[in-house]
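The model shown is predicted, which means the values in this text are computed figures rather than measured ones. Note on naming: letters A, B, ... go to the chains in the order of the sequence lines (proteins, then strands), and numbering restarts at 1 for each one.
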There are 2 protein chains.
Amino acid sequence: MATTNPSFMNGVPELLVLRLLQGREMYGYEIVQAIREETGDVVSLGEGVVYPVLHTLERGGAISSERRAVGGRSRIYYALSPKGVSRLTELTELWSRITGAVQQVLVGGGHAGLV
Amino acid sequence: MATTNPSFMNGVPELLVLRLLQGREMYGYEIVQAIREETGDVVSLGEGVVYPVLHTLERGGAISSERRAVGGRSRIYYALSPKGVSRLTELTELWSRITGAVQQVLVGGGHAGLV
DNA sequence: GTATTATACCTTTCAGTTCGAGGTATGAGG
DNA sequence: CCTCATACCTCGAACTGAAAGGTATAATAC
């Protein structure tokens, strides 16, 4: 950890991948399309983003992989580990705190003086 | 400029600064502290972030500056221009769309099929 | 009178993330 | 047979934001 100085807004791809894997086991190519579809193309992470995230996550023990042949296709399915669950919780809370703080400023209207 | 490849999550400092200036004219040092205070220290942008943002914004015509002496202090006050207002609208909408999309995935629970 | 702190501005350097492009391989359909 | 969609992967470029350091002045403390 002690990630040096991570920008306060980062780690969203990681968050999305972990969340999707919480629902079911998925493979990389599938995750790429799921993100596009579930966000209505608002967020579109390419394979160049998703695959490295998966590898980092696996290296850190947050997910595990298993190669399977499905209909002649070779896919690598990823599953969330307990470590991944707590990491997901962590990131979700962080995301919540940050968006809340930003919202605070957006709504605050310049009259900071609230109780 | 042509967007090159801006990460979909960037531009939050710019958004916050514009929003604060919508309320009243402010100077850099003041903005740094205001962000810290209004977000309860959740978001803390240093001077090394805020000043460059102000300069970029001014170069782009989104804000205008005016040097004033206040109680022996020399401060540079910034004010939002019409261009800055529309930029603020733009960024606010983008922010809203993105956080909405992320929320969609976070809540979606894997059963994408909604009406 | 001088030293320290808080105000107020600024820039440069560094590191991390994300993006895009490119590269390999196989099964299915024309 | 050739092309397209599936499915995996990596490297290089680019941008952002963080930290640290640098200047100057007013107010306070000693």
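For B/Y78, the side-chain atoms get nearest to C/dC10 when compared with the rest of D/dT10, C/dC10, D/dG17. Across D/dA7, D/dA26, D/dC9, the shortest atom-to-atom separation from the side chain of A/H55 is found for D/dC9. Taking only side-chain atoms of B/R73, from C-beta outward, the nucleotide of C/dA6, C/dC10, C/dT18 with the closest atom is C/dA6. The side chain of A/Y51 approaches D/dA7 more closely than any other nucleotide in the set D/dG17, D/dA7, C/dC9.
A salt bridge does not link B/E14 to B/R19: none of the charged nitrogens lies less than 4.0 Å from a carboxylate oxygen. Taking a cutoff of 4.0 Å between a charged side-chain nitrogen and a carboxylate oxygen, B/E30 and B/R75 do not qualify as a salt bridge.
When the P atom of D/dT6 is taken as reference, atom CD1 of A/I76 falls 18 Å away, rounded to whole Å. Protein atom CG of A/L45 is 17 Å distant from nucleotide atom C1' of D/dC9, rounded to whole Å. We find that CG of A/L54 is positioned 8 Å from P of D/dC9, with the value rounded to whole Å. Distance B/Y77 OH to C/dA8 C1': 11 Å, rounded to the nearest Å. Here D/dG17 presents its P atom at 9 Å from CG of A/N10, a figure rounded to the nearest Å. As rounded to whole Å, 15 Å separates atom C1' of D/dG17 from atom CG of B/L15. Spacing between atom CD of A/Q33 and atom C1' of D/dA7 amounts to 10 Å, rounded to whole angstrom units. Rounded to an integer number of Å, the gap from B/L57 CG to C/dC10 P is 13 Å.
Using a 4.0 Å heavy-atom criterion, one finds that B/G48 contacts the bases of the nucleic acid, with or without backbone contacts as well. When heavy atoms are screened at a 4.0 angstrom cut-off, A/R75 is found touching the sugar-phosphate backbone but no base atom. In this structure, A/E30 reaches neither bases nor backbone, as no heavy-atom distance under 4.0 Å exists between it and the strands shown. Residue A/G11 is classed as a sugar-phosphate contact, given heavy-atom separations below 4.0 Å to backbone atoms only.
Looking at which nucleotide of DNA chain C each of B/V49 and B/V70 is closest to, the 5′-most match is held by B/V70. Remark on DNA chain C: of its neighbouring residues A/E14 and A/E47, the 5'-side contact belongs to A/E14, judged by nearest-heavy-atom nucleotide.
Counting only distance, with no hydrogens or angles, the side chain of A/S81 and the backbone of A/G84 share a donor-acceptor pair below 3.5 Å. Counting only distance, with no hydrogens or angles, the side chain of A/T56 and the backbone of A/P52 share a donor-acceptor pair below 3.5 Å.
Using a 4.0 Å cut-off, no side-chain N or O of A/Y29 falls inside it from OP1 or OP2 of D/dC8. Within the structure, a side-chain polar atom (N or O) of A/Y27 is placed less than 4.0 Å from OP1 or OP2 of D/dA7.
When only modelled atom types and interatomic distance are considered, B/E58 and B/S65 share a side-chain donor-acceptor pair under 3.5 Å.
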